[in-house]
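All of these numbers come straight from a predicted model, not from anything done at the bench.
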Amino acid sequence: MYASGVRSLVALLALTGTAVAQPAPMTDTGGGDPSVHKPVENRVNFRFGKASSDLDGRPSVCLDVRIVGGFSVESCGTGQGIIHNDEGQEMMHVRANYSLVDVPVWIGTLHWRGGLGFSELQVGKDNPGFSFGSPDSDKGSVAGPEAATSAQWFAPLYKDLDFVLTGTVGMAYFAGASELSTAKSDLQGFASIEAGIGW
């Protein structure tokens, strides 16, 4: 099920690597050539997609808000406990990202970002709050630190609206994941791809 999404993510990251290896100078004269248009500056974006860590059949939903300069705060998950109450394995992420490289392309801008934050691994009911270091009382969830990298493409749509495509790979560590009601490995890798709208 996730093979096509992972292949798309790998292709997106490869494209970013190629663009980063051949950066072009940015000027403000306009036009379709990537060397002569401003980078797309996005403040808020909302995306839907799929994550390899989510096995509950729900789409991944992400909200990404730029704070200042290249710094942004992002939250992704299926919305368990907020949008729905279906039990099942999923991973919720909250991370701060920093845009390391911004590269203008033929249409829009590619960003390569690094991020640090925390994840919550859920295998059962989602209780309020986060339990770090050991599972919650129901042994349905546990939280821990994560690190991730992502490639993000912004393409202008209409006036201040942008199309956004994001691919992310990362790793999270959950001390006590083996104590969950469905035992898991302490180290959990994840990959996701989402598309949406921003401004």
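E146 places no side-chain N or O within donor-acceptor distance of the main-chain N or O of M171, the cut-off being under 3.5 Å. Judged by distance alone, with hydrogens and angles left aside, the side-chain atoms of D54 form a donor-acceptor pair with the main-chain N or O of M91 at under 3.5 Å. Proximity of a side-chain donor or acceptor of T149 to a complementary backbone N or O of R113 within less than 3.5 Å is detected.
Residues S60 and K50 fail the side-chain proximity criterion, which asks for heavy atoms closer than 4.5 Å. Taking 4.5 Å as the limit, some side-chain heavy atom of V101 sits within range of a side-chain heavy atom of V103.
In this structure, CZ on R43 lies 6.5 Å from CZ on R66, to the nearest 0.5 angstrom. Interatomic distance, OH of Y173 versus OG of S185, reported as 9.5 Å (0.5 Å rounding). The structure places OG of S53 at 7.5 Å from CD of Q89, a figure rounded to the nearest 0.5 Å. Of the inter-residue distances, the one linking I193 atom CD1 with R47 atom CZ reads 10.5 Å to the nearest 0.5 angstrom. Atoms OG1 and CD, on T78 and E90 in that order, are 3.0 Å from each other to the nearest 0.5 Å. The OG atom of S119 sits 4.5 Å away from the CZ atom of F174 when rounded to the nearest 0.5 Å.
Donor-acceptor pairing under 3.5 Å is recorded for the side chains of S192 and E194. Side chains of D138 and S181: a donor-acceptor N/O pair is absent below 3.5 angstrom, by distance only.
Exactly one residue among N42, T168, D102, N45 makes a side-chain contact (heavy atoms from CB on, under 4.5 Å) with Q152. That residue is N45. Checking L180, D136, V123 one by one against V142, the side-chain contact (heavy atoms from CB on, under 4.5 Å) holds for a single residue, L180. With F163 as the fixed residue, the ring-ring contact (aromatic ring centres under 6.0 Å, His included) test singles out one of W153, F46, F154: W153.
Taking every heavy atom of both residues into account, P156 and G108 meet most closely at CD-CA, 3.9 Å. A pairwise comparison of heavy atoms in S141 and S131 identifies O-CB, 4.5 Å as the closest pair. For S52 against G189, the heavy-atom pair with the smallest separation is OG-O, 4.5 Å. Closest approach of D186 and S178 over heavy atoms only: OD1-N, 3.9 Å. Of all heavy-atom pairs between M92 and S75, the closest is SD-OG, 4.3 Å. Shown here for V169 and A191, the closest heavy-atom pair between the two residues is CG1-CB, 4.0 Å.
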For this session: In sequence, state the C-alpha distance, the side-chain angles, and the governing distance for V73 and I67, and then conclude on side chain to side chain contact (heavy atoms under 4.5 Å, CB included).
Result: CA-CA 7 Å; V73 175; I67 304 302; 3.8 Å; yes
For this session: Apply side chain to side chain contact (heavy atoms under 4.5 Å, CB included) to L116 and R95, showing your working.
Result: CA-CA 5 Å; L116 293 173; R95 69 178 73 97; over 6 Å; no
Exercise. Between V105 and I107, is a side chain to side chain contact (heavy atoms under 4.5 Å, CB included) present by the stated rule, with each step listed?
Worked result: CA-CA 5 Å; V105 292; I107 297 175; 5.6 Å; no
For this session: Determine, stepwise, if the pair V65 / V44 fulfils side chain to side chain contact (heavy atoms under 4.5 Å, CB included).
Result: CA-CA 5 Å; V65 180; V44 178; 4.3 Å; yes
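One hydrophobic cluster, built from ILVMFWY side chains closer than 4.5 Å, cannot hold both V94 and L63; they sit in different ones.
Using cut-offs of 30° and 60° for the angle between ring planes, the H93 and F190 rings count as tilted.
Ring centroids of F132 and F118 are separated by less than 6.0 Å, placing the two rings close together.
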